[in-house]
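Heads up: the structure comes next, in structure tokens.
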2 protein chains.
Amino acid sequence: MSKVVHVRTLNRMSSDVEGATGSRQARKLRTRQALLDGSLRLLADRTLASLSLREVAREVGIVPTAFYRHFASMEDLGVALAEECMRTLRRGLRQARGRRSTSDLIKSSVTTLLEQVRAHDAQFRYVSRERYGGVPDVRRAIATELKLISSELATDFARMPALTAFSADDLRMAADLMVAAMMSIVLALLEVDPHQADDEREVVESAEKQLRLIALGMAVWRS
Amino acid sequence: MSKVVHVRTLNRMSSDVEGATGSRQARKLRTRQALLDGSLRLLADRTLASLSLREVAREVGIVPTAFYRHFASMEDLGVALAEECMRTLRRGLRQARGRRSTSDLIKSSVTTLLEQVRAHDAQFRYVSRERYGGVPDVRRAIATELKLISSELATDFARMPALTAFSADDLRMAADLMVAAMMSIVLALLEVDPHQADDEREVVESAEKQLRLIALGMAVWRS
DNA sequence: AGATTCGGTGTACAGCTGTACACTGACAAG
DNA sequence: CTTGTCAGTGTACAGCTGTACACCGAATCT
């Protein structure tokens with residue numbers, strides 16, 4: 001409510017207000033980002049398909065027709081949003097892989113995953129909701145990024161001395177399984193209430209065991 | 001199109017036409033089922049959230065307001081549809097487990113899964129689409145049924161001599177992982193074109209390997 | 001045979017949707 | 001200083017939505 005007035009004001013006032021400063025293209029970029037952020041806010045517990053153009057325009061405080069200055073359609077917005085979210089996610093995972101503690105790789109992976117999910121709740125919710133339910137283009141965008149994550153993991157596997165017995169195909173297969181398991185863990189984490197520390201711990205422990213089970217299988221695998 | 005006329009005719013004509021026969025409650029049940037079937041047809045490549053009451057009424061050839069004689073809302077219809085689909089799926093899986101070939105359990109499981117997916121394409125699509133994207137009640141209905149499948153698998157595991165080393169919790173954990181892997185296989189199968197036999201075979205083989213990897217892990221697991 | 005139930009119909013309305021069209025005024029370029 | 005660009009505005013409209021309301025007529029009950 002107040003937000004609407006806020007932004008609307010920003011684009012009108014001459015100066016001294018953050019929203020109205022910057023070059024024209026900078027301002028355009030800012031409202032574009034506002035559209036993405038506002039959509040994500042509205043998508044906290046709904047599907048993209050059930051979100052109307054007018055609604056997001058209202059949320060960011062622009063008139064409906066102005067939406068078209070930034071996106072050709074809601075579907076377009078959805079794709080851009082998916083790409084932004086997946087970029088965030090992939091960055092998080094890469095950073096997670098970077099600080100691998102030698103002590104317990106799996107434990108630290110799950111911990112980092114938990115941190116990421118809690119830090120980027122809305123993004124994870126959007127992606128997991130649209131991954132299969134969304135319009136084709138959004139689905140494709142997400143699938144592409146997930147494939148990327150999977151192959152990054154596969155090349156990571158390839159560098160591990162313990163996994164020299166794996167063929168390239170099998171590395172891929174194992175990475176796919178690992179990613180699938182992690183996605184189902186993400187979904188379990190999203191469903192549990194963070195305030196219920198016990199429930200959360202239970203999910204985390206089960207997740208660690210599942211990954212350990214897969215790792216165990218990989219240790220005795222022969223291509 | 002012609003369907004609309006068809007059904008509309010059925011409910012009007014006096015006799016000799018299948019649609020107008022039977023007791024009143026039988027007829028009611030039949031249109032209720034028609035609503036479920038029609039919805040599933042329309043949901044082939046869309047979300048429940050994007051499907052309107054009027055649309056499904058049109059599809060089955062009744063007037064919009066008549067919808068309320070059968071369901072209180074589209075959400076209600078969605079829940080009923082989810083339950084129906086999951087019942088079908090669970091029956092399929094149970095039957096799959098029944099005819100376990102001693103030769104290769106995993107291979108026959110994947111084969112049966114493929115058969116089931118191909119036979120009940122629309123149901124699988126609906127469930128996997130609404131599993132995370134749907135309205136809360138529909139999600140809950142699906143989650144409940146999946147938990148059931150998982151625990152059926154867990155009790156199955158419990159009867160296997162090779163898995164006596166597993167605690168009850170760990171059996172559950174392993175079953176959850178197995179179900180998660182199978183769901184991701186289902187999704188891969190839904191995405192591949194059945195006419196592209198090579199692609200399909202590739203997915204099947206990868207699926208078998210993934211399940212084998214998990215089984216291998218279970219074989220060397222110690223609670 | 002008469003009364004009741006109830007799946008189905010048709011009309012109606014307010015509220016929302018996407019988007020076409022003409023506009024304004026601050027910025028950027030010449 | 002003039003001119004063009006373009007993110008934003010406001011109005012307008014047709015089409016869709018859910019659902020309230022009054023009604024009908026065949027199956028069912030008494």
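Just the heavy atoms: all of them, side chains too, but no hydrogens, waters or symmetry mates, feed the values below.
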Roughly how many Å is it from [atom1] in [X] to [atom2] in [N], rounded to a whole number?
X        : N       : atom1 : atom2 : answer
Arg27(A) : dG25(C) : CZ    : P     : 14 Å
Glu55(A) : dC16(C) : CD    : P     : 10 Å
Leu53(B) : dC16(D) : CG    : P     : 15 Å
Ile62(B) : dG10(C) : CD1   : P     : 12 Å
Arg30(A) : dA7(D)  : CZ    : C1'   : 13 Å
Leu35(B) : dG8(C)  : CG    : C1'   : 12 Å

Options [options], nucleotide nearest the side-chain atoms of [X]:
X        : options                  : result
Arg58(A) : dT17(C), dT9(C), dG7(C)  : dT17(C)
Arg54(B) : dA20(D), dG18(D), dA7(D) : dG18(D)
Pro64(B) : dT19(D), dT17(C), dT9(D) : dT19(D)

Open item on the list: Check the phosphate of dG8(D) against Thr31(A), side-chain N and O only, distance under 4.0 Å to OP1 or OP2. Yes or no?
Closed with: yes
TODO: Confirm from the modelled atom types if Thr65(A) and dG8(D) form a donor-acceptor pair under 3.5 Å, side chain to base only.
DONE: no
Open item on the list: Looking at Ser151(B) and Lys147(B), would you say the former's side chain and the latter's main chain have a donor-acceptor pair under 3.5 Å?
Closed with: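 Yes.
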- [ ] Check for a donor-acceptor pair, side chain of Thr47(B) on one end and backbone N or O of Ser50(B) on the other, with a separation under 3.5 Å.
- [x] no
Pairs: protein N or O with nucleotides 28-30 of chain D N or O, under 3.5 Å:
residue, atom, partner, partner atom, Å
dT28(D), OP1, Arg24(B), N, 2.9

Open item on the list: Contact list please: residues 66-76 of chain B against DNA chain C, heavy atoms, distance less than 4.0 Å, in numerical order.
Closed with: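 Within residues 66-76 of chain B, the residues near DNA chain C are Ala66(B), Arg69(B), His70(B).
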- [ ] May I ask you to say what Ser52(B) touches in the nucleic acid, namely base, sugar-phosphate or nothing, with a heavy-atom cut-off under 4.0 Å?
- [x]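 Result for Ser52(B) = sugar-phosphate.
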- [ ] Could you list all the side chain to side chain donor-acceptor pair (under 3.5 Å) pairs where at least one residue sits in residues 122-132 of chain A, not counting sequence neighbours?
- [x] Asp121(A)-Arg125(A)
TODO: Could you verify whether a donor N or O on one side chain and an acceptor N or O on the other, from Gln196(A) and Glu202(A), lie under 3.5 Å apart?
DONE: no
Task: Side-chain heavy-atom pair Thr31(A), Val60(A) within 4.5 angstrom cut-off - done: no
Task: Under the ring pair (Phe, Tyr, Trp, His ring centres under 6.0 Å) test, residues paired with Phe157(A) that sit two or more places apart - done: none
TODO: Walk me through it: do Met183(B) and Met183(A) pass the test side chain to side chain contact (heavy atoms under 4.5 Å, CB included)?
DONE: CA-CA 11 Å; Met183(B) 285 306 282; Met183(A) 285 307 280; over 6 Å; no
- [ ] Quick one: which residue pairs count as a ring pair (Phe, Tyr, Trp, His ring centres under 6.0 Å) with a foot in residues 44-92 of chain A, not counting sequence neighbours?
- [x] Phe67(A)-Phe71(A)
TODO: Go through the structure and list residues passing side chain to side chain donor-acceptor pair (under 3.5 Å) with Asp169(B), not counting sequence neighbours.
DONE: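 Asp169(B) satisfies side chain to side chain donor-acceptor pair (under 3.5 Å) with no other residue.
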